[in-house]
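Below is one structure, written out as structure tokens; the observations come after it.
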Amino acid sequence: MRVDVVSIFPEYLAPLDLSLIGRARRDGLLDLAVHDLRDFAHDRHRTVDDTPFGGGAGMVMKPEPWAAALAHVVAAGSRPGAPVPHLVVPGPGGVPFTQALAHELADQEWLAFACGRYEGIDERVYEHAAERMPVTVVSLGDYVLNGGEVAVLAIVEAVARLLPGVVGNAASLLEESHEGGLLEYPVYTRPAVWDDDGTTREVPPVLLSGHHAEIGAWRHAQRVERTAARRPDLVPAAATVTGLDDLEVRVATPADAADLLVLQRACWMQEGRISGSWHIPPLEEDLDQVLAGLGAWTTWVARVPVDGRAPGRLVASVRGRQRPGEASVWETGRLMVAPDLQGRGLGRALLALAEAAAPAAVATYWINTGRVSEGNIRRYRRSGYRLLPGEGTFPGTVDLVKARRTGG
Ligand code: JD8
């Protein structure tokens, strides 16, 4: 990877000569050049800043030196396959720098960094650059620095260490914080028992056990616990769902149709795989048919609550209706729970919800599933249904019924 950095304080980037990044440069894994912006200001005082139009405190970086510096960087580094760099400009108003963005940048052939100072860089420089190369304005975090250099140090280190060969044991990269959305587990080394000035501190015994599976499980549990405690924002909301009470459950509207189509396709993939046939209505329906279903059935949707901005993620649904022409039978269908949330009792709770919605005239509950869907059949039996012999209402299916207990 080629990296160019432009700054009025080139010595600020000296730490990139050290440690892993320094070795990566010596090993030819990283070709990094630092340029002094003042070399591109050709007046006697090598001026790179001026007063802000519209008034206000501080100074603004002039456009001309930047245009010259970027032209020099492109001219010096352009090559087939990488005619221009991806320009990264640190700024407090930029997109948050994350491990995911670090991976994206690590896939680039050539990065250039523009380190601003003062109150910032004349806005026309961003337009100028964007006409010539990809430009990303990145923020290191929600606090204010005096310039972009510190951010470039952090970003170059976070990106360069992802390059093949820079970090000795690449496997260790996978277990780190922010890889996979979890914080890292606690680490220990000798002595196993530390006499800390009279306080005995021991290493968790599991780590001395040699049982790699148990060590792995303990470490994962530590990562989940720490993430929930220190960075609940990183815990996918769905991960905290333990039951229907953690979800927003309501009758569906046409606005839910698209999400329902996606969820039913995801959930019936499993049915398709075990039944060996993809010709199952939930997999073949289109949006209009889902919308039509909303008219013919009462459909409930369960969404993960989010902070009010947008509807939360649709994670489960069920529908129910009195059988057309046979009002004493309550049909329940399309009982579905997102694959990552199955096994938490959501299906059983939604089935009970649908049954409870049956009007007084209903005496029998009916449900249908794939003949080979042993898991579903077992679950419905556990909810009191009995399997009807023979072929079900649809090819390759079975019907199950349950008598409604009075007062049910
Ligand atoms: C680049 C000039 C200073 C910023 C007036 C203070 C990143 N997370 C971050 N916080 N601050 C920066 C950052 C600050 C910079 C420059 C990045 C260039 N300044 C300015 C606006 C308010 N002074 C950053 N990444």
Side-chain angles (χ1 to χ4, degrees), residues 1-16 21 30 32-41 45-73 85-108 110-130 132-162 177-178 183 230-231 233-234:
M1 171 184 279
R2 163 99 183 172
V3 171
D4 289 275
V5 182
V6 180
S7 162
I8 60 170
F9 298 126
E11 63 282 8
Y12 222 114
L13 287 303
L16 296 177
I21 308 303
L30 176 64
L32 187 142
V34 180
H35 311 269
D36 184 341
L37 180 67
R38 292 193 188 282
D39 294 345
F40 303 94
H45 301 295
R46 297 182 359 128
T47 306
V48 296
D49 62 317
D50 203 339
T51 54
F53 278 120
M59 301 292 275
V60 173
M61 301 191 94
K62 293 170 60 62
E64 306 95 327
W66 275 111
L70 293 174
H72 168 79
V73 163
H86 183 123
L87 179 64
V88 177
V89 187
V95 297
F97 181 61
T98 63
Q99 191 65 7
L101 182 50
H103 279 283
E104 275 179 47
L105 295 176
D107 293 339
Q108 304 281 323
W110 185 7
L111 297 175
F113 293 88
C115 300
R117 277 275 152 179
Y118 309 105
E119 298 316 300
I121 301 172
D122 186 298
E123 190 62 22
R124 294 166 291 177
V125 173
Y126 296 85
E127 298 154 13
H128 168 93
R132 291 161 174 74
M133 63 195 82
V135 177
T136 304
V137 180
V138 176
S139 169
L140 207 54
D142 297 344
Y143 42 81
V144 181
L145 301 169
N146 286 334
E149 286 79 6
V150 167
V152 170
L153 283 172
I155 296 169
V156 169
E157 176 157 318
V159 170
R161 65 192 300 282
L162 298 175
S177 278
H178 308 297
L183 301 185
R230 300 176 185 181
R231 293 294 307 276
D233 59 299
L234 289 177

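Atoms within a ligand are numbered from 1 in the order they appear, just like the ligands themselves.
Panel note: side chain T47, backbone D49; no donor-acceptor pair is recorded below 3.5 Å.
Remark: Y143 engages L140, L145 in a side chain to side chain contact (heavy atoms under 4.5 Å, CB included) (not counting sequence neighbours). Here D107 pairs with nothing under the side chain to side chain contact (heavy atoms under 4.5 Å, CB included) rule; sequence neighbours left out.
Protein heavy atom at the shortest distance from atom 11 (N) of ligand 1 is L145 N, 2.9 Å. For atom 9 (C) of ligand 1, the closest non-hydrogen atom of the protein is Y143 O, 3.4 Å. Of the protein's heavy atoms, Y118 O, 3.3 Å lies nearest to atom 20 (C) of ligand 1. Here the protein heavy atom with the shortest distance to atom 22 (C) of ligand 1 is E119 OE1, 4.3 Å. For atom 8 (N) of ligand 1, the closest non-hydrogen atom of the protein is G141 O, 2.9 Å.
For the atom pair CD (E157) and CG (L16), the distance works out to 8.0 Å, reported to the nearest 0.5 Å.
Under a cut-off of 6.0 angstrom, the local environment of OH in Y126 is crowded, with over 12 non-hydrogen atoms contributed by other residues, nucleotides or ligands.
Polar contact check, G148 against ligand 1: no nitrogen or oxygen pair lies under 3.5 Å apart. For R117, no nitrogen or oxygen atom sits less than 3.5 Å from a nitrogen or oxygen atom of ligand 1, counting backbone and side chain alike. Note: no N/O pair closer than 3.5 Å links P90 and ligand 1 by distance alone.
For G94, the heavy-atom gap to ligand 1 stays at 4.0 angstrom or more. Residue contacts with ligand 1 include V138, since one of its heavy atoms falls under 4.0 Å from the ligand. Under the 4.0 angstrom criterion for non-hydrogen atoms, F97 is not in contact with ligand 1.
Residue L111 comes nearest to P85 through the heavy atom pair C-CB, 4.2 Å, listed as atom of the first residue, atom of the second, then distance.
A donor and an acceptor atom, one from each side chain of H128 and R132, are located under 3.5 Å apart.
The closest heavy-atom contact to atom 7 (C) of ligand 1, among the options A57, G91, G147, A154, comes from G91.
With a heavy-atom cut-off of 4.0 Å, N146 touches ligand 1 through its backbone alone. Counting heavy atoms closer than 4.0 Å to ligand 1, residue P92 contributes atoms from both its backbone and its side chain.
Between H72 and F40, the two ring planes are tilted [angle within 30° to 60°].
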Begin with the C-alpha distance, continue with both residues' side-chain angles, and end with the deciding distance and a verdict on side-chain contact (heavy atoms from CB on, under 4.5 Å) for W66 and V6. CA-CA 9 Å; W66 275 111; V6 180; 3.5 Å; yes
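No salt bridge links D36 with R38; every basic N to acidic carboxylate O contact stays at or beyond 4.0 Å.
Close contacts between ligand 1 and A151 involve ligand atoms 25 (N) [criterion: under 4.0 Å to a heavy atom]. The atoms of ligand 1 that sit less than 4.0 Å from any heavy atom of V144 are 6 (C), 10 (N), 11 (N).
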